[in-house]
Protein chains: 2
Amino acid sequence: MTAVAATPARIDATDDELAAIAKALGHPVRVRILRLLMDRTSCYCGEIVEELPLAQATVSQHLKVLKDAGLIVGTIDGPRVCYCAHRERLARLGELVNNLVAVAKSPDAACCDEE
Amino acid sequence: MTAVAATPARIDATDDELAAIAKALGHPVRVRILRLLMDRTSCYCGEIVEELPLAQATVSQHLKVLKDAGLIVGTIDGPRVCYCAHRERLARLGELVNNLVAVAKSPDAACCDEE
DNA sequence: ATCGTATATCGTCGATGGACGATGAGGTCC
DNA sequence: GGACCTCATCGTCCATCGACGATATACGAT
């Protein structure tokens, strides 16, 4: 019943940021799309649709998720839309992960050891 | 370090692996839990529950997701269970992300430029 | 203006996720 | 044997996701 009284439990904004980016990456199709954009084999939405066994509406939805997470950028190019991976944003994810891995262990709290 | 050379739209197993780990990290509470375990401020399930404004069942569920993704390991210690972060597994995520960022651009497919 | 193309959005549906209380499966102690 | 304590699991509820077809929007071409 005791609420989170004592420590503020470190409401770290980076936790939410990391979770948000990770959530956007948490679907195989979106990883595939991102890799396609990284390879620069495809840019336009229609090209991406052709690469995937999914309907156009579904692909567009995944693109929206990636765009909302800042992982890709869409540029209107005449009748089509060209998508580009936002490499800095993706590198930011690696940065956040590495930061998390690099957390120092408290020497006194070793209640169990990793293998 | 050119990873991929003229391989279009490959069904990469690492895509699924990356997506699976990212999905497990795709919730703020789970990132928080992971950070707690990294800091070694808490190890036992009960301690983690006290740090979070969530019911014990909910925390246990999040722990299961992290465990299924291989990000943490649970060890039975008498009546309690001690959880530890699996640093190698988390580092694997950073590795997969860095690998994704490092994909070389195809010089002929520049349909739009990033800033 | 009309047509065709390219993309986004809407509405719907089934599946999954996240929260909880209640219960169950173990362990420790007397 | 009890009476605890710790944690996992079950069942339920509501919200969100992921997929789709249908439709709307925007644009270039005729």
Side-chain angles (χ1 to χ4, degrees), chain A residues 1-4 9 15-16 18-34 36-37 41-85 111-112, chain B residues 15-16 18-34 36-37 42-85 111-112:
Chain A
M1 296 293 260
T2 58
V4 54
D15 285 358
D16 289 346
L18 173 53
I21 304 180
K23 186 175 182 181
L25 262 188
H27 194 290
V29 166
R30 289 197 286 268
V31 176
R32 268 276 289 283
I33 291 176
L34 205 51
L36 284 174
L37 295 180
T41 58
S42 304
C43 291
Y44 297 113
C45 175
E47 293 175 324
I48 299 170
V49 171
E50 288 178 0
E51 297 275 355
L52 301 172
L54 293 174
Q56 177 265 329
T58 307
V59 173
S60 189
Q61 210 166 251
H62 282 301
L63 287 169
K64 177 173 168 50
V65 173
L66 289 172
K67 195 169 60 180
D68 289 345
L71 288 170
I72 64 176
V73 192
T75 313
I76 297 179
D77 177 20
R80 319 185 253 188
V81 176
C82 172
Y83 283 100
C84 286
C111 53
C112 65
Chain B
D15 285 359
D16 289 346
L18 173 52
I21 305 180
K23 186 175 182 181
L25 261 188
H27 194 289
V29 167
R30 289 197 287 267
V31 176
R32 271 270 290 281
I33 291 176
L34 206 50
L36 284 175
L37 295 180
S42 304
C43 291
Y44 296 114
C45 175
E47 292 176 325
I48 299 170
V49 171
E50 287 179 0
E51 296 275 354
L52 300 172
L54 293 173
Q56 177 264 329
T58 307
V59 173
S60 190
Q61 209 166 252
H62 283 302
L63 287 169
K64 177 173 169 49
V65 174
L66 289 172
K67 194 169 60 180
D68 288 345
L71 288 170
I72 64 176
V73 192
T75 313
I76 297 180
D77 177 21
R80 320 184 253 189
V81 176
C82 173
Y83 284 100
C84 286
C111 53
C112 63

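Below, chain A is the first sequence line, B the second, and so on; all start at residue 1.
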Practice prompt. Examine the base of dA6(C) for any acceptor or donor lying under 3.5 Å from a partner atom in the side chain of Q56(A), and report the outcome as yes or no.
Written response: no
Discussion item. Measure CD/E50(A) against P/dT7(C) and give the value in whole Å, please.
Written reply: 10 Å
Practice prompt. Compare all side-chain heavy atoms of L52(A) with those of I33(A) and state whether any distance is below 4.5 angstrom.
Written response: yes
Discussion item. If you compare every side-chain N and O of K23(A) against the phosphate oxygens of dC17(D) (OP1, OP2), does one of them come in below 4.0 Å?
Written reply: yes
Practice prompt. Name the closest nucleotide to the T58(B) side chain, picking from dA19(C), dA6(C), dC20(D).
Written response: dA19(C)
Worksheet item: Rounded to whole angstroms, how far apart are CG on L63(B) and C1' on dG17(C)?
Response: 16 Å
Worksheet item: How about P28(A) and D16(B): do any of their side-chain heavy atoms sit closer than 4.5 Å?
Response: yes
Fill in: I76(B) CD1 - dG26(C) P separation (whole Å)
10 Å
Worksheet item: Whole Å only: how far is the CG atom of L66(A) from the P atom of dC17(D)?
Response: 13 Å
Practice prompt. Return yes if some donor-acceptor pair links the side-chain N/O of R30(B) with the main-chain N/O of L66(B) below 3.5 Å, else return no.
Written response: no
Practice prompt. Indicate, with a heavy-atom threshold strictly under 4.0 Å, whether A57(A) touches base, sugar-phosphate, or nothing.
Written response: base
Worksheet item: Rounding to a whole Å, what distance do you find between L54(A):CG and dG21(D):C1'?
Response: 14 Å
Worksheet item: Roughly how many Å is it from CG in D77(B) to P in dG27(C), rounded to a whole number?
Response: 12 Å
Fill in: Any H27(B) side-chain nitrogen or oxygen under 4.0 Å from OP1 or OP2 of dA19(C)
yes
Worksheet item: If we only count heavy atoms from C-beta on, is the Y44(B) to C82(B) side-chain gap below 4.5 Å?
Response: yes
Worksheet item: In terms of the nearest nucleotide of DNA chain C, which residue is placed more toward the 5' end: R80(A) or Q61(A)?
Response: R80(A)
Worksheet item: Expressed in angstrom and rounded to an integer, what is the separation of E47(A) atom CD from dA6(C) atom P?
Response: 11 Å
Discussion item. From NZ of K64(B) over to P of dG18(C), roughly how many Å is that when rounded to an integer?
Written reply: 13 Å
